[in-house]
K.L.:
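Dropping the structure in here first, questions after.
Ligands are counted one by one from 1 in listed order, and the atoms in each one are counted from 1 as well. FYI, the numbering just counts along the sequence from 1.
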Amino acid sequence: MRIVSLASGSGGNATVVEHGGSAILVDCGVPCCALKDCAIDAVLITHSHIDHVKGLKALLRRRDIPVYANFMTAEVLASEYGVPESAFVCFENGQPFDVGAFAVRAFSIPHDTSDPVGYLVRAEDVTYFHGTDIGTPLDSIGLKLAEADVATLESNHDPEMLRTSGRPPCLIQRIAGPRGHLANDQACDLVRRFASPRLKRLALAHISRDCNSPHLAFDAMRATLLEMGRSDVVLKTLSQDGAVEI
Ligand SMILES: [Zn+2]
Ligand SMILES: [Zn+2]
């Protein structure tokens with residue numbers, strides 16, 4: 001399995017997962033031109049926020065590929081973004097489905113939009129966990145992380161940098177709230193409690209430009225992994241501005 005993050009952060013999110021001649025795109029929050037070299041068979045959508053879907057309509061104008069989303073997300077994408085209803089293949093959270101070479105399962109996450117999800121994507125004996133835009137490090141999410149060999153996990157903000165960011169109090173509350181985004185220490189908490197010996201590669205995602213830094217997120221997770229005796233885990237930070245191979 002080959003996993004490449006094309007972009008990660010509040011400016012746009014998209015990840016390509018390839019295996020055995022199949023390729024899926026998890027979220028389409030990048031311009032269509034960023035995907036020109038990618039052969040993509042299907043798109044999976046985590047939730048309807050603009051940074052995850054803004055390139056979707058343009059992509060579908062150029063390519064006739066299915067969009068997998070749960071019913072509520074599909075409804076919002078059709079009504080608010082004008083994505084054609086005929087493009088959707090709707091699933092129920094928790095019900096496994098196949099997309100090309102992949103077996104996929106969506107799981108609920110707490111975030112401030114209608115029915116957001118993360119994904120477990122499996123091909124042969126490798127399982128990839130994709131979890132961003134998570135307000136609370138719930139055990140139910142950790143149990144999915146425990147199944148992963150490779151994971152993309154949100155490490156959005158440093159609480160102190162968020163508090164002193166000068167952002168409007170309501171926005172700070174939203175980001176730090178139970179349906180906002182994971183702080184660095186919350187991401188570490190999930191990994192500490194749930195990462196299994198299977199986990200070999202971990203990519204930190206959706207890192208805030210203003211309220212975090214790749215170094216802070218990386219150092220916090222590296223310290224957690226060392227405490228766990230897991231210096232073997234390959235740790236990376238994802239970027240808003242360039243592709244990163246996970
Ligand atoms: Zn987002
Ligand atoms: Zn979001």
Side-chain angles (χ1 to χ4, degrees), residues 3-17 25-31 34-35 43-57 59 67-81 83 93 106-119 128-138 140-141 144-145 151-159 161-162 165 167-168 170-184 186-187 190 203-214 217 237-244 246:
I3 303 155
V4 179
S5 167
L6 301 178
S8 178
S10 57
N13 296 274
T15 305
V16 181
V17 184
L25 185 66
V26 181
D27 285 336
C28 190
V30 294
L35 301 167
V43 185
L44 306 182
I45 299 294
T46 61
H47 66 292
S48 57
H49 281 157
I50 185 97
D51 55 319
H52 297 259
V53 300
K54 65 184 167 194
L56 184 58
K57 196 175 167 189
L59 177 68
V67 178
Y68 290 78
N70 62 31
F71 290 94
M72 283 171 75
T73 300
E75 200 170 278
V76 175
L77 293 178
S79 63
E80 291 183 17
Y81 294 91
V83 177
N93 298 353
F107 54 91
S108 289
I109 57 171
H111 190 53
D112 52 358
T113 183
S114 54
D115 211 3
V117 299
Y119 288 105
Y128 170 60
F129 168 98
H130 187 96
T132 71
D133 301 63
I134 298 169
T136 307
L138 299 176
S140 59
I141 298 170
K144 304 297 185 299
L145 178 65
T152 289
L153 177 65
E154 174 172 61
S155 192
N156 176 256
H157 59 275
D158 172 77
M161 284 178 78
L162 177 63
S165 62
R167 292 179 168 193
C170 60
L171 180 58
I172 292 176
Q173 264 173 29
R174 200 213 120 213
I175 293 168
R179 280 157 50 88
H181 290 273
L182 279 189
N184 294 343
Q186 291 176 308
L190 267 182
L204 302 178
H206 222 297
I207 296 172
S208 170
R209 273 187 207 277
D210 305 333
C211 305
N212 204 357
S213 77
T237 53
L238 302 184
S239 166
Q240 189 68 85
D241 304 313
V244 177
I246 300 172

K.L.:
Given atoms NE2 of His206 and NE2 of His52, what angle do they subtend at the Zn ion (ligand 1), to the nearest 10 degrees?
P.N.:
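It rounds to 110°.
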
K.L.:
So, the side chain of Lys54 versus the backbone of Gly11: is there a donor-acceptor pair under 3.5 Å, distance only?
P.N.:
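Yes: the side chain of Lys54 pairs with the backbone of Gly11.
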
K.L.:
Tell me whether His181 has at least one N, O or S atom under 2.8 Å from the Zn ion (ligand 1).
P.N.:
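No, outside the cut-off.
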
K.L.:
Under a plain distance cut-off of 3.5 Å, with no hydrogens placed, do Asp51 and His206 share a side-chain donor-acceptor pair?
P.N.:
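Yes.
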
K.L.:
Short check: any N/O/S atom of His47 below 2.8 Å from the Zn ion (ligand 1)?
P.N.:
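Short answer: no, not a single N, O or S atom is under the cut-off.
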
K.L.:
Does atom CD of Glu75 have more than 12 heavy-atom neighbours from other groups under 6.0 Å away?
P.N.:
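Open.
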
K.L.:
Tell me which N, O or S atom of Asp51 sits nearest to the Zn ion (ligand 1).
P.N.:
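Minimum-distance N/O/S atom of Asp51 relative to the Zn ion (ligand 1) is OD2.
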
K.L.:
Considering just N/O/S atoms, say which atom of Asp133 is closest to the Zn ion (ligand 2).
P.N.:
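Checking each N, O and S atom of Asp133, the shortest distance to the Zn ion (ligand 2) belongs to OD2.
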
K.L.:
Is the shortest heavy-atom distance from the side chain of Val26 to the side chain of Ile3 under 4.5 Å?
P.N.:
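Result no, sub-4.5 Å side-chain heavy-atom pair not found.
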
K.L.:
Quick check against the 3.5 Å criterion: does Thr152 have a side-chain atom that pairs as donor or acceptor with the backbone of His130?
P.N.:
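Checking the backbone N and O of His130 against the side chain of Thr152, no donor-acceptor pair under 3.5 Å is found.
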
K.L.:
Among the N/O/S atoms of His49, which is closest to the Zn ion (ligand 2)? Give the atom name.
P.N.:
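Of all N, O or S atoms belonging to His49, ND1 is the one nearest the Zn ion (ligand 2).
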
